[in-house]
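Notes to accompany the following structure.
The figures that follow rest on heavy atoms only: side chains count, while hydrogens, waters and symmetry mates do not. Chain A is the first sequence line, chain B the second, and so forth, proteins listed ahead of strands; every chain is numbered from 1.
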Amino acid sequence: MSLSITTWNINSVRLRLPIVEDFLKRVSPDILCLQEIKCQNDQFPADALKALGYENIILHGQKGYHGVAIASRFPLTEDHRQDYCGVGDSRHISAIFEWQGKRIRLHNFYVPAGGDEPDRTINPKFGHKLDFIEEMKALKADAEPGVSAILVGDLNIAPFENDVWSHKQLLKIVSHTPVETEGLLDVVRQGGWVDLMRQFTPEPEKIYTWWSYRAKDWEAADRGRRLDHIWSSPDMTGHLKRIDILKEARGWEKPSDHVPVTAWFDI
DNA sequence: ATGGTGGCTACGCCA
């Protein structure tokens, strides 16, 4: 009995509903986690996703910016939205689902991008990002007794050298600065998480999930970063079968700058 | 080389 979970920063779910539907028809994951839906809850295309079998939908939308959603073939219970940094942004939603007798807490995150200047004294957005990561360190994979955990999302940090096209050239670029990468690795260690993408594809193999809109030819330049992540509690790692990064989605009509990443588990 | 592109919304902000 398999379980599949996709994370995808969709950069406006209303604009990109056609490619979301195409993806769901083709890959048909059990659960789809979206970030940057960029709409309010009542504007979310719930009917279209329900028509494809995703009858269980939970939302944390926001006008114009951010926003996260989970659409699932399985019932979702005990849903929760945490306001990290207390600023009112819609950047987190979670719920529990059941799979093979396990109860699993699924977290879906959209971590702040952090602006351009990696210095919190002159760029408050970078400070917000660092504060958000600091607050995430309190999130434990074993927070609920008897409940496993999976954490996905656009974490906007590429923690390892081969999570970016050029480690040296990106050391002062927001998303790959040491204070961010060390901070994210602390979140993993202190929370007792396992980085499933790096379990499946260890360093030094390059992994990217995002390619900038600003490149003239994203595919030829291939200057990507691994900004999207799938983590789990240690008990899930033995069930991981594979991770699929659908790179071709970056070349679809009106693409997101992020591609869908899907984890496949098996009993 | 310090631009470039994209989305929301209605203008500048955010990524």
Please state how far atom [atom1] in [X] lies from atom [atom2] in [N], giving the value in whole angstrom units.
{"X": "A/Q62", "N": "B/dC14", "atom1": "CD", "atom2": "P", "result": "11 Å"}
{"X": "A/L227", "N": "B/dA15", "atom1": "CG", "atom2": "P", "result": "13 Å"}
{"X": "A/D228", "N": "B/dA15", "atom1": "CG", "atom2": "P", "result": "15 Å"}
{"X": "A/W210", "N": "B/dA15", "atom1": "CH2", "atom2": "P", "result": "13 Å"}
{"X": "A/D154", "N": "B/dC14", "atom1": "CG", "atom2": "C1'", "result": "13 Å"}
{"X": "A/I173", "N": "B/dA15", "atom1": "CD1", "atom2": "P", "result": "16 Å"}
{"X": "A/Y110", "N": "B/dC14", "atom1": "OH", "atom2": "P", "result": "11 Å"}

Original post:
Does any N or O in the side chain of A/R250 come within less than 3.5 Å of the main-chain N or O of A/W211, such that one atom is a donor and the other an acceptor?
Top reply: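 Yes: the side chain of A/R250 pairs with the backbone of A/W211.
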**OP:** Report, as a single string ordered 5' to 3', how protein heavy atoms within less than 4.0 Å touch nucleotides 3-11 of chain B: B base, S sugar-phosphate only, - not at all.
**Re:** -BBSSSS--
Nearest-angstrom distance, [atom1] atom, [N] to [M]:
{"N": "B/dC11", "M": "B/dG6", "atom1": "C1'", "answer": "16 Å"}
{"N": "B/dT9", "M": "B/dG4", "atom1": "C1'", "answer": "22 Å"}
{"N": "B/dG12", "M": "B/dA1", "atom1": "P", "answer": "32 Å"}
{"N": "B/dG3", "M": "B/dC8", "atom1": "C1'", "answer": "23 Å"}

Subject >> Partner residues of A/W99 under the ring-ring contact (aromatic ring centres under 6.0 Å, His included) criterion, sequence neighbours left out >> reply: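 So A/W99 forms a ring-ring contact (aromatic ring centres under 6.0 Å, His included) with A/H239.
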Original post:
Base, sugar-phosphate, or nothing: which does A/R91 touch, judged by heavy atoms less than 4.0 Å apart?
Top reply: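 The answer is sugar-phosphate, as A/R91 gets under 4.0 Å only of primed atoms, P, OP1 or OP2.
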**OP:** Report which part of the nucleic acid A/K216 touches: base, sugar-phosphate, or nothing (heavy-atom distance under 4.0 Å, all strands).
**Re:**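 Nothing, no heavy atom under 4.0 Å.
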Between [X] and [Y], does any side-chain donor sit less than 3.5 Å from a side-chain acceptor?
{"X": "A/H167", "Y": "A/H176", "value": "yes"}
{"X": "A/N162", "Y": "A/E205", "value": "no"}
{"X": "A/T7", "Y": "A/D228", "value": "no"}

Original post:
Using the ring of each side chain (for Trp, its six-membered ring), is A/F74 parallel, tilted or perpendicular to A/F97, with breaks at 30° and 60°?
Top reply: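 If you compare the ring of A/F74 with that of A/F97, the planes turn out parallel.
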Original post:
Do the numbers put A/R223 on top of the ring of A/W165, so that NZ or CZ is under 6.0 Å from the six-membered ring centre and no more than 45° off the axis?
Top reply: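 Geometry flag: set, cation within 6.0 Å and 45°.
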Original post:
Would you say B/dA15 has OP1 or OP2 under 4.0 Å from some side-chain N or O of A/R225?
Top reply: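 Looking at the OP1 and OP2 atoms of B/dA15, neither is under 4.0 Å from any side-chain N or O of A/R225.
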